[in-house]
2 protein chains.
Amino acid sequence: MSIAIENFVKAIYNNNSHDARDTKPGNIAKKLGISSAAATDMAKKLATKDLLHYEKYQELQLTDKGRKMAINIVRKHRLWEAFLFKMFDMSLHDIHKEAELLEHQTSDLLAEKISEYLGHPKFDPHGDPIPNANGEITTTDTSIPLSNAEENKTYIISRLTSDDKEFFEFCAKQKLKYGHEIKVSKQFKNNKMTELSVENNTILLNEDFTTLIYVNEIN
Amino acid sequence: MSIAIENFVKAIYNNNSHDARDTKPGNIAKKLGISSAAATDMAKKLATKDLLHYEKYQELQLTDKGRKMAINIVRKHRLWEAFLFKMFDMSLHDIHKEAELLEHQTSDLLAEKISEYLGHPKFDPHGDPIPNANGEITTTDTSIPLSNAEENKTYIISRLTSDDKEFFEFCAKQKLKYGHEIKVSKQFKNNKMTELSVENNTILLNEDFTTLIYVNEIN
DNA sequence: ATTAATTTTTAAGTTAACTTAAAAAGTTTT
DNA sequence: AAAACTTTTTAAGTTAACTTAAAAATTAAT
Ligand SMILES: [Mn+2]
Ligand SMILES: [Mn+2]
Ligand SMILES: [Mn+2]
Ligand SMILES: [Mn+2]
């Protein structure tokens, strides 16, 4: 399967497993940076390969075969992220970019070697779950977006769901990293802003960021 | 530059730096597993990109730009080989296959991180030199093929120049590895065979293998 | 319920990287 | 120096992955 096909299938998978937003060709096209005409063509082609169900004007839905394929790529992506993060001093954004390419050129054998070396990690450095070699995700995600966090409660950052460079640079600078502890001091409901403290610093985030940062409450 | 272009330029580079054999489209085509018509087309195209000089029926010659590009890919290939060899228990042949793909999806930044992690190694696990980030190869190779080695002299294996799976399996089993010591006991000139000892075992190799194994004399 | 706006699909065309088959040129043998 | 053989080139055609622009369908607004 070509890189174009792999990216297409992965985009569908990420789209409706993550946000559950609309999974029509136009939206997938936007994520991949191609025209929606190209996405429609590709969808039709992949339907003949039994990777997805296609019906005119309807949402695209992966078949079991398509989902399996997507998960395999996602697994390789997240393993590479975890591996590069551990081995080298590189920004999350750079790591993501490398993984975006390496994921397509990695044998199952090498993926397994990487997983083994890392002790079969369950999460990548963004906090996203890493499927096992059988395509299963055994962890359950109970985290909520920071925008929904409650005042005066303490949380652990569990996911950073973006691939924007500036976002990650900001997060790195402010110590907003996977696994770090934060305390929400105030939710400004009207302005949709959140005040919180990280390592004795108080920062104020707007909704653009608080919907990308997911947290788990500490009890 | 596409993967097809990168592999083409690399094939030319490897061809006339290694064996100095004929570098016409047909021969390159054979190495890449494409038709010679395709190779001729590609050669013409790359000439317009100033990556090589093309003249009908003549040998293909890389320009400085083309050579630079080839060396950059070779560097990434060999760094990946050295890195995977160090990190994981994988056969040389498998490592080579992974590197053949990863070399095209590796940023200069990541290549440098790998090189740094390994302490800027000068050789890959086949004994081939790793160009530095400026494309320079500072080591000089004084090794000779085992077929030319002299009787009753002791050598260190410095290169295994093949990508055949069976060859590497055989070498691995017989401890014919990069850096290992061997002693040549007899050269059968007529039969073009070489008798040698490795770790107290005596083995007899024919020309198919002794031209692929390069050695340096121990003084 | 029309009309307007948005999205998806179809249609037609492009480019890169191939293929096979025939023609042309180069090389080797007699 | 022909003839025979081999290799390279040209020519024509295919496929995957795109594009733009128009047509068709869906969705939203009045
Ligand atoms: Mn990708
Ligand atoms: Mn990730
Ligand atoms: Mn390659
Ligand atoms: Mn090598």
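Convention: sequence-line order gives letters A, B, ...; per-chain numbering from 1. Quantities reported herein were computed from a predicted structural model and do not represent experimental measurements.
- Donor-acceptor pairing under 3.5 Å is recorded for the side chains of B/N72 and B/K76.
- Per the geometry, CD1 belonging to A/I34 stands 14 Å off C1' belonging to D/dT20, to the nearest Å.
- Sorted by first then second residue, the ring pair (Phe, Tyr, Trp, His ring centres under 6.0 Å) pairs that include residues 37-69 of chain A, not counting sequence neighbours, number zero.
- Tested against B/H126 for a ring pair (Phe, Tyr, Trp, His ring centres under 6.0 Å), the candidates B/F168, B/Y214, B/F167, B/F85 yield a single pass: B/F168.
- Remark: A/D64 engages A/R67 in a salt bridge, criterion side-chain N to carboxylate O under 4.0 Å.
- Here C/dA16 presents its P atom at 16 Å from CD of B/E6, a figure rounded to the nearest Å.
- The closest side-chain donor-acceptor pair between B/N15 and B/T23 falls under 3.5 angstrom.
- Side-chain contact, B/N7 with B/H104: a donor N or O sits under 3.5 Å from an acceptor N or O.
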>> So if I define the base as every atom that isn't primed, P, OP1 or OP2, how would nucleotides 8-14 of chain C read as a B/S/- string at a heavy-atom cutoff under 4.0 Å?
In response: BBB----

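- At whole-Å resolution of the value, CE in B/M42 and P in C/dT19 are 11 Å apart.
- Atom-to-atom, CD1 of B/I28 to C1' of C/dC18 comes out at 17 Å; the value is rounded to the nearest Å.
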